[in-house]
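All remarks here apply to the structure that follows.
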There are 2 protein chains.
Amino acid sequence: MKARVESDAQGRRQVYEACLEPCAIEQGMRIIGGKWTGSILWHLQDGPVRFNDLARMVGGASKKMITERLRQLETQGLVRREVMATAPVSVQYEITEIGRSALGFLDELRKWSEELPQDIHAASRP
Amino acid sequence: MKARVESDAQGRRQVYEACLEPCAIEQGMRIIGGKWTGSILWHLQDGPVRFNDLARMVGGASKKMITERLRQLETQGLVRREVMATAPVSVQYEITEIGRSALGFLDELRKWSEELPQDIHAASRP
DNA sequence: CAGAATCCAACCGGATACTG
DNA sequence: CAGTATCCGGTTGGATTCTG
């Protein structure tokens, strides 16, 4: 999992590349690190939310983005989609148990992020 | 921080958009969610590492990427760069206290990712 | 060794307009 | 309401080559 650098008997350095592929951290980031993904899961933690409400809750994201992320989360099994047979049609999104299992460190991330010196966020813009 | 959907006395739904900007989760992701960023920090946790060693440890990343992420982490104060006056020149990268404070949930992320059903990772490719 | 420079194809994501 | 379709500029990131 973690690569090491050591020196052999002759003092030559050697890199043990134990983290070639797949790296769990990178893999995990590709699941919940996408733009808006974390926010979407976060806003689903208290129960099902309808599409347009979700789009409003995740401030700044376009409906196109919300749709794409939701589709991805659905195929990954982190979110469940339910169509209510009403008129006009209503669609609910609900977090699954797998999705819920990510909320723990999403909260860790939130706390970490909030406690950072403010200028760090400023320095994070391209 | 978290948006809510409620119904008023007349039964009309209302979205309280408490998560407009800045959203701590998104902000945090923009710091450590970048490609290779997590891996870089992860491989610095046991002490300073030289540039080329780091490039080998973070499997799959080009030197260009490693450089870019390291520069970003440096301006954000998560990583410290030290040039050793040797010949040929040697450059060390060391994690700072702020950077170290991220290792906690990076490890949470790693554990979460490792315990996921394998096919989820497969479903995460575009 | 530790990058910088350049090139370029692929992808991302916002804006806008349209639909059942 | 809950999307889909299309356009399109900007960014990303790999490959390659060069340097002190």
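Chain letters run A, B, ... following the sequence lines, proteins first, then strands; residues in each count from 1. What you are looking at is a predicted structure, and each value in this text was computed from that prediction instead of being measured.
As a whole-Å value, the separation of Met29(B) CE from dG13(C) P is 14 Å. Taking atom CD1 of residue Ile66(A) and atom P of nucleotide dA2(D), one finds them 13 Å apart after rounding to whole Å. Between Glu68(A) atom CD and dT6(D) atom C1' there is a gap of 13 Å when expressed in whole angstrom units. One can place CD of Gln72(A) at 14 Å from P of dC11(C), the figure rounded to the nearest angstrom. Counting to the nearest Å, the P atom of dA2(C) and the CG atom of Leu54(B) are 10 Å from each other. Whole-Å rounding puts the Met65(B) CE to dG3(C) P distance at 15 Å. Rounded to whole Å, the distance from CD on Glu82(A) to C1' on dA2(D) is 16 Å. The interatomic distance linking Ile40(B) (CD1) with dG3(C) (P) rounds to 12 Å, in whole Å.
Distances shorter than 4.0 Å separate none of the side-chain N or O atoms of Arg56(B) from OP1 or OP2 on dA2(C). The phosphate of dC1(C) (OP1 or OP2) has no side-chain N or O of Tyr93(B) nearer than 4.0 angstrom. Here Lys35(B) reaches the OP1 or OP2 of dG14(D): one of its side-chain N or O atoms lies under 4.0 Å away. Between Arg69(B) and dG13(D), a side-chain N or O to OP1/OP2 separation shorter than 4.0 Å is present. The side chain of Arg71(B) places an N or O atom within less than 4.0 Å of a non-bridging phosphate oxygen (OP1 or OP2) of dG3(C). Between Arg50(B) and dA2(C) there is a side-chain N or O to OP1 or OP2 distance below 4.0 Å.
Relative orientation of the Trp112(A) and Phe105(B) rings is perpendicular, given thresholds of 30° and 60° on the angle between their planes.
The nearest heavy atom of DNA chain D to Lys64(A) and to Pro88(A) marks one nucleotide each, and the one closer to the 5' end goes with Pro88(A). Each of Ser62(A) and Val89(B) was assigned the nucleotide of DNA chain C with the nearest heavy atom; the assignment lying further toward the 5' end belongs to Val89(B).
Summarising the geometry of Ser124(B) relative to Gln72(A), their closest heavy-atom pair is O-NE2, 4.2 Å, with the distance given to 0.1 Å. The shortest non-hydrogen separation linking Thr37(B) to Glu26(A) is N-OE2, 4.1 Å.
The existence of a salt bridge linking Lys111(A) and Glu115(A) is excluded, since no basic side-chain nitrogen approaches an acidic carboxylate oxygen closer than 4.0 Å. Look at Glu114(A) and Arg110(A) and you find a salt bridge, because one of the NZ, NE, NH1 or NH2 atoms lies within 4.0 Å of a carboxylate O, short of that distance.
Relative to the side chain of Lys63(B), the nucleotides dA2(D), dA2(C), dG14(C) differ in distance, and dA2(C) lies closest. Set against dC1(C), dG14(C), dG3(C), the side chain of Asn52(B) has dC1(C) as its closest nucleotide.
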